[in-house]
Amino acid sequence: MTTPAGGRAEGVQGGFTKNEMMIVAAARELAGQRVCFVGVGLPNIAVNLAKRTVAPDLELVYEAGVFGARPARLPLSIGDPTIVTGATAATSMYELFALYLQGGLIDVGFLGAAQIDRFGNINTTVIGDYEAPRTRLPGSGGACEIAINARQVFVIMRQATRSFVERIDFRTSAGNLGGAETAERIRREQGWLGRGPSVVVTDLGIYHFDASGEMRLDWLHPGVTLDDVHAAMAWEPKVAESVGTTAQPTAEELRLIREELDPTGAYTKG
Amino acid sequence: MTTPAGGRAEGVQGGFTKNEMMIVAAARELAGQRVCFVGVGLPNIAVNLAKRTVAPDLELVYEAGVFGARPARLPLSIGDPTIVTGATAATSMYELFALYLQGGLIDVGFLGAAQIDRFGNINTTVIGDYEAPRTRLPGSGGACEIAINARQVFVIMRQATRSFVERIDFRTSAGNLGGAETAERIRREQGWLGRGPSVVVTDLGIYHFDASGEMRLDWLHPGVTLDDVHAAMAWEPKVAESVGTTAQPTAEELRLIREELDPTGAYTKG
Amino acid sequence: MRDAVAELVRDGDTVAIEGFTHLICFAAGHEIIRQRRRDLTLARLTPDVIYDQMVAAGVARKLIFSWLGNPGVGGLNAIRRRVEGARERSDDGDVQAATEPGNGADGSTEQEGSTGDGSAASSPLELEEYSHFGMVGRYLAGASNLPFFPLRSYFETDLPRANPLIREIRSPYGDEVVYAVPPLKPDVTIIHAQRADANGSTQIWGLLGCQKEAAFAADRVIVVVEELVDEAVIRADPNRTVVPGLIVDAVVVEPFGAHPSYVQGAYDRDNMFYRDWDPISRDAGSTEAWLREWVNGVSGRAEYVEKLGAERVESLRPGRAPSGQVDYGDYR
Amino acid sequence: MRDAVAELVRDGDTVAIEGFTHLICFAAGHEIIRQRRRDLTLARLTPDVIYDQMVAAGVARKLIFSWLGNPGVGGLNAIRRRVEGARERSDDGDVQAATEPGNGADGSTEQEGSTGDGSAASSPLELEEYSHFGMVGRYLAGASNLPFFPLRSYFETDLPRANPLIREIRSPYGDEVVYAVPPLKPDVTIIHAQRADANGSTQIWGLLGCQKEAAFAADRVIVVVEELVDEAVIRADPNRTVVPGLIVDAVVVEPFGAHPSYVQGAYDRDNMFYRDWDPISRDAGSTEAWLREWVNGVSGRAEYVEKLGAERVESLRPGRAPSGQVDYGDYR
């Protein structure tokens, strides 16, 4: 592998899509992490890219009951047979959730989201009223327990005024609640192992969380402006004093996505 | 196998020990039963004899985590390797206790005891005061949960004034408590699956429990008198209107015990 | 299969066809549709395409679940039609469901037409929802005869409000509070497996999901297998046994019975099928047509497999990856 | 082994050497004795002969357990000396402990003499006792970060009175009450296994006991194996993995390290040893002499095995009973 580990190294000839940039940026955030719980959807491709680039020793944990997966191909579903063959351990879901997740062995829970607010609280349940939803989304799956029990949470999602909202329609997974102070107190009182969300990667940039527990824009992807970001979220975002520009995808990153991980373009088109 | 299934058929030439008679009588009580949880000690040999005689289809369950054991030899310990090889299932102790026992799949829990009272309450913890015991016994093991969760409980133990007592020193496993009426109420209120003790086999005879929940002598072993029984227990026992005489061990039963199950005589001497 | 479903699955039952992505018994689901069962409560962590088909066919009145999607593809459209039901549609075009791999299947449901698949298929569908661990815990409490299962989840979320059966419970060792879910005891649990013996003792390798818990929790159990093996095969490796024959009411041999889901070592997940289901299921008419052709139009799984064609079947066969062998020792 | 114990087992620790009859790591227990650890709290469902030896050697101040006996033989005499301690002996000659297979080892302890095995070995030993399911539940609560574990046991017994940590808990779904036990998180859990890879990913077949729960509950984990294998062997059969390397702090290769307990497929339980231990342990002097000869008198397990002799070792080898092999399938 020739990819600069975790760096924002100089990019590459040729075009790339916004989704490719998002996946690459998310993968790079995993540099240095040890154990990652892989959520359904975009996290799956981001984590698999990280395993092939910046984090070859990353242990992939799938809620389906797998620790130490070595998928020979990108699993389309997170319960694909390729995550079992050659894995370190395949166990019941009970043991996966009880011993690995709730037991505190997960460094990073990597989630997707339909809606997120400035404090990183997540909705994947409904758009509209719960009893009579405008859109019925899949629901929690393992997300609400991952959000509490993983040591930290990474989020990957596309950004839009409908998804980066002032107030989420349903809180499926807890983030920093109403702010860092409340969140810290409640985590302590209720004995959560997790410290909550630490990074959100979108198709426009990269956010981390500041001392108040609010999302702060730290990096803009190449070609994206602050105006683009403002136009794609419902609140006025905090912005780092000096916002960097994310390094473009390398040729190797793009090759891995296009040839190995997502040859049909299911994740990356657009 | 030529042994009359479950019957009290006529015995056999030659002597046999009181312990052999006890084990044979206990084994015969298992005729018609389906799933038996095998307790440590004397139950182990009685159940293994039953499996080879009156109850070939009996499923042996060992708390060590085995369902459907087919021990090729008598396991000295109830965690012997011979209970695993060729078994239907070998599982964690958690699953054995949670799914098989607490889940209600055990027809008979077969226990030993150091002390028992007239209502079938059992002590296997201490003789004397708990804090400063005269004799420290092994304790519950799985017995206290077997007593509650198995559909019925069989007991095998030698009889003496010190073991058949008016008041046990410590209640390790619940029997019929203070009598059938209380026991029925409490079982209902607390949702026990078990109906409590149904038979006690000793070296002198066989007891079942009457409508009041008290032990009643139904069978005397060959050569044993009512006086012998009275001399070997601390309370005045109820006695069936017509007490039968247990059929002597058959030649086959004795051969199995002496040649296959207990060639060193660990269980049966005396 | 016909006899097992006829005898063991009854109108109004709570039915769990379990298996997390792996070993989902589509063959049993289709037989339940063919036998026109009604008013079922369907429990599964991930309803998946099989419950989407069953809901479309009108067998269900309620779902108990934790994640409602077509894994790796998008939403479950037949179910969504019953849930989003009478509401006026609005354009949710750019809301990204956590389901979606790409930015395609994003919640738009404007293809809604006349459902036409019978009144049972268009009446409102009741939902009772948990998280994955909550569902597993429900089965486990049911299987182990406990009145509740405690877990660290749901804190500071809207789930306990949406489902009042998710309740707080206080530790007897201090003030700590965690959440609890109630036991779930299906009337029938149906699981698919690589192999079982004639008694029903069943072995699974690969993802184990929560089939063991769901089976032990159930009143009746149907095991569907790729292969019936001699009891000696099971007894040679007792650690692999997931379910003993003791709790099994029927063993059905139905090769390829899990398609389009998969069987570790035997066939691959048919991802193309899952993708194809998305456009089919977006329209009630095409959903109905599919059910007519592939479920009601065949007598059973054998005919379904034949219709699928040898080429499709062969394309799903994996290479070999043998487990190696261990020695239990002969002790006599 | 020497390094693992030196680094990871500290005075005052709570130590769990788990394994139910199967895979009891005597080699680790002996090394702890040789390194003269003190004030340990020893947790095990069945203290077995290994804790009898450790208690006799004076390493322990407390036992947490559920069944205190020499399985299939009788009592644990060194432990009983510390528990029945100062009391006047009376003749309990005909009380039958549930332990006893025959009518021999029946609780008589009149052989009591000067313990002489050091003050640490004769001071009172604290006991904290549960049932088997209670102990398993304690490890499970510890491993899964729960404040309690609920179970249906202890009703109408004297156990909750003897151990006030066994407490009632009310269901949030009605009035039902069950019992709870608190989490147990050992400082160190030591397990023995057939095989592990260099990362510590460990596989066991045969009785699984509660090693997984005890290991996940612990702060530090030592795995002792009969054989170190290539990572590929483990990864070829992921369903057999009990403990991942992630939670393992040391892997020690120590063939025959579980003797006189056994390793499924590798060697038999040495029942003669368990029987022989009974008379040895009835007397403090002979107990001490045994420890001097077989524990402190050898440098480690290799020397112990040599001393045991090839004939004894060979007599414990079982015949073969291969598991057969399954196919996980190669999916790319």
Side-chain angles (χ1 to χ4, degrees), chain B residues 19 39-42 63-66 76-81 84-86 90-94 97 102 111-114 124-125 127 130 132-145 148-149 157-158 160 162-163 170-174 177 186 190-192 265-270, chain D residues 20-22 45-46 65-69 71-73 75 79-80 83-84 87 90 92 94-104 107 109 129-133 136-137 140 151-159 162 176-177 205-210 212-213 262 264 268-269 271 274 318 321:
Chain B
N19 285 331
V40 62
L42 286 166
E63 64 190 9
V66 175
L76 175 65
S77 140
I78 56 167
D80 192 281
V84 173
T85 304
T91 180
S92 70
M93 291 185 77
Y94 168 67
F97 278 95
Q102 198 168 274
L111 302 176
T124 53
T125 301
I127 304 298
Y130 182 75
R134 207 157 68 242
T135 305
R136 174 65 225 199
L137 301 169
S140 166
C144 69
E145 39 245 4
I148 285 169
N149 292 295
M157 61 189 295
R158 288 176 204 88
R162 286 165 177 272
S163 55
F170 187 98
R171 192 192 286 164
T172 312
S173 304
L177 308 176
I186 285 182
Q190 299 183 344
W192 303 9
Y267 287 90
T268 45
K269 66 189 177 223
Chain D
F20 192 85
T21 315
H22 185 210
L45 273 64
T46 60
F65 71 98
S66 46
W67 194 85
L68 194 62
V73 178
I79 291 173
R80 285 178 60 176
V83 174
E84 297 166 5
R87 277 197 70 88
S90 66
D92 299 321
D94 59 351
V95 170
Q96 299 296 336
T99 356
E100 326 301 341
N103 51 2
T109 49
E129 92 181 274
Y130 297 86
S131 60
H132 281 344
F133 196 27
V136 171
L140 194 46
L151 71 170
R152 279 188 194 274
S153 187
Y154 306 126
F155 291 114
E156 302 295 325
T157 73
D158 289 330
L159 283 154
E176 205 167 2
V177 171
W205 52 99
L207 296 178
L208 304 175
C210 57
K212 181 183 285 194
E213 293 83 356
Y262 70 98
Q264 193 82 36
D268 201 351
R269 190 167 185 270
N271 288 326
Y274 278 89

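Every chain is numbered from 1 and lettered A, B, ... according to where its sequence line falls, protein lines coming before strand lines.
Counting heavy-atom pairs under 4.5 Å between each of L140(D), I79(D), T46(D), V177(D) and chain B puts L140(D) at the top. Comparing W205(D), Y130(D), F133(D) by heavy-atom pairs within less than 4.5 Å of chain B, the highest count is held by F133(D). Chain D forms the most heavy-atom pairs under 4.5 Å with one residue out of C144(B), A174(B), G65(B), and that residue is C144(B).
Only the side chain of L45(D) comes within contact range of chain B, with heavy atoms under 4.5 Å apart. With a 4.5 Å cut-off on non-hydrogen atoms, T91(B) touches chain D through its backbone but not through its side chain. With a 4.5 angstrom heavy-atom cutoff, D80(B) touches chain D via backbone and side-chain atoms both. Interface remark: A321(D) contributes side-chain atoms only to the contact with chain B (heavy atom separation under 4.5 Å). Using a 4.5 Å cut-off between heavy atoms, Y262(D) touches chain B through its side chain atoms alone. For a residue to count as touching a neighbouring chain, one of its non-hydrogen atoms must lie under 4.5 Å from one of that chain's; by this rule Q190(B) touches chain D with backbone and side chain alike. Contact of F65(D) with chain B is made through the side chain alone, with heavy-atom distances under 4.5 Å. For E156(D), the parts sitting under 4.5 Å from any heavy atom of chain B are the backbone and the side chain alike.
Considering only heavy atoms from C-beta on, R80(D) comes within 4.5 Å of T135(B) through its side chain. W192(B) places a side-chain heavy atom less than 4.5 Å from the side chain of I186(B). For the pair N19(B) and R158(B), the minimum side-chain heavy-atom distance is below 4.5 Å. L42(B) places none of its side-chain heavy atoms less than 4.5 Å from the side chain of M157(B). Inter-residue side-chain proximity for I127(B) and R162(B) is flagged as unmet; no heavy-atom pair is nearer than 4.5 Å.
Between the CZ atom in F20(D) and the NE2 atom in H132(D) there is a gap of 4.0 Å [rounded to 0.5 Å].
Scored by the ring-ring contact (aromatic ring centres under 6.0 Å, His included) test, F170(B) finds Y130(B) as partners (sequence neighbours excluded).
S66(D) places no side-chain N or O within donor-acceptor distance of the main-chain N or O of G141(B), the cut-off being under 3.5 Å.
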